[in-house]
Amino acid sequence: MASLSLKNINKIYDNKVQAVFDFNIDIKDGEFIVLVGPSGCGKSTTLRMIAGLEDITSGSLVIDGKDVTKKPPKDRDIAMVFQNYALYAHMTVYENMAFSLTLAHEDPNVIHEKVLAAAEILGLTDQLNKKPKQLSGGQRQRVAMGRAIVRKPKVFLFDEPLSNLDAKLRGATRREILLLHKRLGATMLYVTHDQTEALTLADRIVCMSMGYVQQIGTPLELYDTPANLFVASFIGLPPMNFFDCTVEKDVLVGNGFSVNLDEKDKALLKDYNGKKITLGVRPENIIKGNDVTLSVTGNENLGQTTLVHGTIGGHKATAKFREWSNYKPGDKVEVSFNRKHFFDKETTNAIR
């Protein structure tokens, strides 16, 4: 497998539109990196630049210590799994998986051995003589992965590979990809707009917005200590609640509510006295208490938890209670915030 290094990568198209700005990351051998963000944020463009399908406008791409910035795709030893599978309809599963090796004039016995080994890993041994149209969406995606595995590339790239699958198949195939990574010990880069995939698959997540990297870190780091308002709002389901507040010594004053600050929070906000900030609270950090009032507008029972939607001081808010609840619109629930995040109003960066 391989390590990767992307240094000051920029992508500017001929029409002067810049899709990626100053992208930097060092990826360890065998690491699973997930690029996540909304549509148009530059994540797929970054992946295509790594694959050699898009030119790098400026910056450098190094794989295993070798600069491959200007090298064609075939010389990068990278395999890419696409969203639409890209299988040949007239070929069998076996022929699709063997195709790249056949093109490279590998020995037929070696090809046979590699295809069978990949088919066993992916549970496709019984499907080798079928055509793609005879397979389910999940099976087709596994064939696409098998085609990449037989090449034994240095790096695997996945571009939204599960977006064409239904929810149940997405979950099953996601687990298969995770097991595949553990089994192969491969270096993998995976693009998705689905934060669940990012949180469950990644060793580290690269969160992007509008062509810029917003934060790089472990799933827990992005969830627990988001770098800014964008990361805080994008990572987490349901998303974090936000409230406009003013710091008044020992108290945060919002629209129609106030919250006392503990000693740790007061120390954190000592330079913001009299200033406006944004308070962030995750739904699971709104608990039963006596600090503020949640005016209920809706109730969603999810089994062991309940999402209670409403307003706090005029701000929309969602609480996630670890119990089955049956609140009705108009009900009042006294709550407290047991974990708070603070963001600078001007920069939107987290106050640390």
Side-chain angles (χ1 to χ4, degrees), residues 1-2 30 32-34 44 47-48 50-53 72-194 196-197 200-201:
M1 298 306 148
F32 199 129
I33 299 293
V34 177
S44 288
L47 202 73
R48 290 173 64 83
I50 295 170
L53 302 177
K74 64 183 181 64
D75 295 332
R76 299 189 183 194
D77 201 5
I78 283 174
M80 192 161 180
V81 179
F82 295 93
Q83 175 181 345
N84 62 358
Y85 321 136
L87 302 178
Y88 294 105
H90 66 285
M91 293 182 180
T92 64
V93 168
Y94 183 100
E95 290 166 338
N96 267 284
M97 290 173 64
F99 185 69
S100 62
L101 302 180
T102 304
L103 275 184
H105 305 294
E106 282 254 25
D107 181 277
N109 292 324
V110 174
I111 293 175
H112 187 68
E113 185 180 312
K114 288 182 176 180
V115 170
L116 289 185
E120 184 178 352
I121 290 171
L122 295 166
L124 292 170
T125 305
D126 296 336
Q127 314 296 329
L128 290 174
N129 293 321
K130 292 182 179 180
K131 299 285 180 66
K133 67 180 180 180
Q134 297 173 279
L135 306 178
S136 68
Q139 288 171 325
R140 291 178 198 175
Q141 193 54 273
R142 277 186 277 159
V143 175
M145 288 191 285
R147 188 174 50 195
I149 291 170
V150 296
R151 290 178 48 200
K152 294 189 176 178
K154 287 184 177 179
V155 182
F156 288 85
L157 306 179
F158 294 86
D159 190 8
E160 306 245 18
L162 308 185
S163 58
N164 287 337
L165 305 180
D166 62 38
K168 186 175 180 181
L169 266 178
R170 276 202 306 273
T173 310
R174 187 172 67 235
R175 290 188 291 274
E176 288 174 0
I177 291 173
L178 195 56
L179 289 171
L180 179 65
H181 176 249
K182 292 181 184 299
R183 186 163 181 174
L184 298 179
T187 305
M188 294 184 174
L189 280 83
Y190 186 106
V191 159
T192 182
H193 62 273
D194 186 329
T196 300
E197 290 177 28
T200 55
L201 290 172

Could you report the tightest heavy-atom contact between R147 and L87, atom names first, then the distance?
NH1-CD2, 3.7 Å
Minimal non-hydrogen separation, P73 against G52, with atom names
CG-O, 3.5 Å
Restricting to non-hydrogen atoms, name the atom on L47 and the atom on F158 that form the minimum distance, rounded to 0.1 Å.
CD2-O, 3.4 Å
Can you measure from CD (E95) to CD1 (I111) and round to the nearest 0.5 angstrom?
11.5 Å
Q134 CD: over 12 foreign heavy atoms closer than 6.0 Å:
yes
Euclidean distance, H193 NE2 relative to S44 OG, rounded to 0.5 Å
10.5 Å
Answer yes or no: is there a side-chain heavy-atom contact under 4.5 Å between E176 and T173?
yes
Assess the residue pair R48 and L157 against the criterion (side chain to side chain contact (heavy atoms under 4.5 Å, CB included)); give the C-alpha distance rounded to whole Å, side-chain angles, the decisive distance to 0.1 Å, and a yes or no.
CA-CA 9 Å; R48 290 173 64 83; L157 306 179; over 6 Å; no
Nearest-0.5 Å distance that lies between atom OG1 in T102 and atom CE in M91:
8.0 Å
Under 3.5 Å, sequence neighbours excluded: what are the donor-acceptor pairs made by side chains of residues 120-132?
from : atom 1 : to   : atom 2 : distance (Å)
Q127 : OE1    : K130 : NZ     : 2.9

R151 (side chain) donor-acceptor with I78 (main chain) under 3.5 angstrom:
yes
CA sep, side-chain torsions, deciding dist, call: V34, T192, side chain to side chain contact (heavy atoms under 4.5 Å, CB included)
CA-CA 7 Å; V34 177; T192 182; 3.7 Å; yes
Determine, step by step, whether Y190 and I177 satisfy the side chain to side chain contact (heavy atoms under 4.5 Å, CB included) criterion, reporting the C-alpha distance in whole Å, the side-chain angles of both residues, the deciding distance to 0.1 Å, and the verdict.
CA-CA 10 Å; Y190 186 106; I177 291 173; 3.9 Å; yes
Could you report the tightest heavy-atom contact between T196 and D194, atom names first, then the distance?
N-OD1, 2.8 Å
When rounded to the nearest 0.5 angstrom, what distance separates CG in L162 from CD in Q141?
6.5 Å
Atom of L201, atom of F32 and distance for their closest heavy-atom approach:
O-CG, 3.8 Å
Rounded at 0.5 Å granularity, tell me how far CG in N96 sits from NE2 in H90.
8.0 Å
Taking T187 for the side chain and A2 for the main chain, is one N or O donor matched with an acceptor at less than 3.5 Å?
yes
For I50 and M80: C-alpha separation, side-chain torsions, deciding distance, then whether side chain to side chain contact (heavy atoms under 4.5 Å, CB included) applies.
CA-CA 10 Å; I50 295 170; M80 192 161 180; over 6 Å; no
Which atom names give the shortest non-hydrogen contact between M97 and A118, and what distance separates them?
CE-CB, 3.7 Å
For the side chain of E197 and the backbone of R174, is there at least one donor-acceptor N/O pair under 3.5 Å apart?
no
What's the separation between atom CZ in R175 and atom CG in L178, rounded to the nearest 0.5 Å?
10.0 Å
